[in-house]
Peer 1: 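Have a look at this one before I ask anything.
Below, each value reflects all heavy atoms present in this structure, side chains not excepted, and no hydrogens, waters or symmetry copies.
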Amino acid sequence: MRRRNGSNGGMTDALPGPASHTLISQRLRLNYVDWGNPDAPPLVLVHGGQDHCRNWDWVAGDLRRDYHVIAPDLRGHGDSDWIGAGGYYHYMDYVADLDDVIARMARKRVIVVGHSMGGGVAAYWAGTRPDRLHGLALLEGLGPPDQSEVELGGRTAQWLDALVVQQRREGA
């Protein structure tokens with residue numbers, strides 16, 4: 001993807017700049033950046049393990065003309081809550097966080113792009129929620145250990161659905 005000339009990182013004057021928002025996922029505050037254009041097809045950008053959502057700025061600046069771009073900070077990254085120094089983050093918690101971000105978009109189907117660890121998270125989410133997926137792009141994606149796709153995908157969907165019910169009960 002080429003980067004257009006100009007000091008605005010590819011942003012057009014017709015669309016407002018990116019806005020940071022938060023949501024609660026499994027009792028942690030997650031940050032995400034919304035690049036506007038809410039009437040366009042939804043596109044979620046998921047960063048890698050050593051990154052944060054603003055690593056996508058130059059890509060989002062170009063894609064925002066044609067898509068409603070959302071880029072979340074996964075837990076323990078960027079401006080999202082951290083468990084603590086040296087805290088361990090379970091892979092499935094990242095998948096649940098992505099599920100919450102996508103649910104917040106209130107759209108039936110989304111396109112998800114993931115890089116490195118984010119590619120694995122995106123792929124796992126896509127396999128668990130195929131009815132919500134419109135498209136998937138993985139850039140150097142890696143994922144959790146190999147397990148039975150059918151069995152694990154079904155159990156993961158049940159677990160994510162149970163989390164939603166629990167969060168509603170808790171008022172999150």
Side-chain angles (χ1 to χ4, degrees), residues 1-4 9-11 18-26 28-35 41-105 107 109-150 152-153 155-157 159-160 163:
M1 181 162 307
R2 67 178 176 79
R3 185 172 180 173
R4 293 190 310 274
M11 292 188 281
S20 289
H21 301 281
T22 60
L23 63 91
I24 302 299
S25 179
Q26 303 177 75
L28 288 181
R29 183 189 52 81
L30 297 182
N31 176 66
Y32 66 96
V33 176
D34 186 334
W35 284 83
L43 175 83
V44 180
L45 302 172
V46 187
H47 65 77
Q50 298 297 313
D51 294 328
H52 52 82
C53 72
R54 300 312 296 253
N55 285 86
W56 288 108
D57 281 2
W58 69 275
V59 173
D62 280 344
L63 294 174
R64 71 193 298 241
R65 290 172 293 140
D66 301 313
Y67 297 96
H68 177 201
V69 179
I70 299 288
D73 275 327
L74 296 174
R75 61 182 53 226
H77 295 82
D79 292 326
S80 288
D81 280 349
W82 296 53
I83 293 174
Y88 178 76
Y89 300 94
H90 295 277
Y91 200 85
M92 293 309 299
D93 290 329
Y94 293 131
V95 174
D97 292 343
L98 179 59
D99 195 55
D100 285 342
V101 168
I102 291 172
R104 173 65 67 98
M105 294 180 79
R107 295 292 197 73
R109 295 166 57 93
V110 299
I111 299 166
V112 182
V113 177
H115 172 251
S116 190
M117 180 194 77
V121 171
Y124 207 98
W125 179 86
T128 303
R129 299 281 199 219
D131 57 315
R132 301 287 322 275
L133 185 69
H134 181 72
L136 177 66
L138 305 176
L139 313 171
E140 303 173 330
L142 56 99
D146 218 8
Q147 297 183 31
S148 167
E149 293 176 24
V150 174
L152 198 53
R155 285 193 338 221
T156 302
W159 177 72
L160 289 174
L163 278 177

Peer 1: Can you measure from CE (Met92) to CG (Asp99) and round to the nearest 0.5 angstrom?
Peer 2: 9.5 Å
Peer 1: Looking just at side-chain N and O atoms, do Asp34 and His68 make a donor-acceptor pair shorter than 3.5 Å?
Peer 2: yes
Peer 1: Angle class for the His47/His77 ring planes (parallel below 30°, perpendicular above 60°, tilted otherwise)?
Peer 2: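 Geometry flag for His77 against His47: tilted rings.
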Peer 1: Minimum heavy-atom separation for Leu98 to Trp125, with atom names?
Peer 2: CD2-CB, 3.7 Å
Peer 1: Where do Asn31 and Ser80 come nearest, in terms of heavy atoms and distance?
Peer 2: N-OG, 2.8 Å
Peer 1: Using modelled atom types only, decide if a donor and an acceptor are shared between the side chain of Tyr32 and the backbone of Asp73 within a distance under 3.5 Å.
Peer 2: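 Absent.
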Peer 1: Any idea which heavy atoms bring Leu43 and Met105 closest together, and the distance?
Peer 2: N-CE, 4.3 Å
Peer 1: Looking at Asp81 and Arg75, does any basic side-chain N land under 4.0 Å from a carboxylate oxygen?
Peer 2: no
Peer 1: Using modelled atom types only, decide if a donor and an acceptor are shared between the side chain of Tyr94 and the backbone of Met117 within a distance under 3.5 Å.
Peer 2: no
Peer 1: So, taking the atom named OG1 in Thr22 and the one named CZ in Arg29, what distance separates them when rounded to the nearest 0.5 Å?
Peer 2: 6.0 Å
Peer 1: Of all heavy-atom pairs between Pro72 and Cys53, which one has the smallest distance, and what is that distance?
Peer 2: O-CB, 3.4 Å
Peer 1: Which atom pair, heavy atoms only, marks the closest approach of Gly119 to Leu138?
Peer 2: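 Taking Gly119 first and Leu138 second, the nearest heavy atoms are O-CD2, 3.2 Å.
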Peer 1: Counting only heavy atoms from other residues, nucleotides and ligands, does the tally under 6.0 Å from NE2 of His134 exceed 12?
Peer 2: no
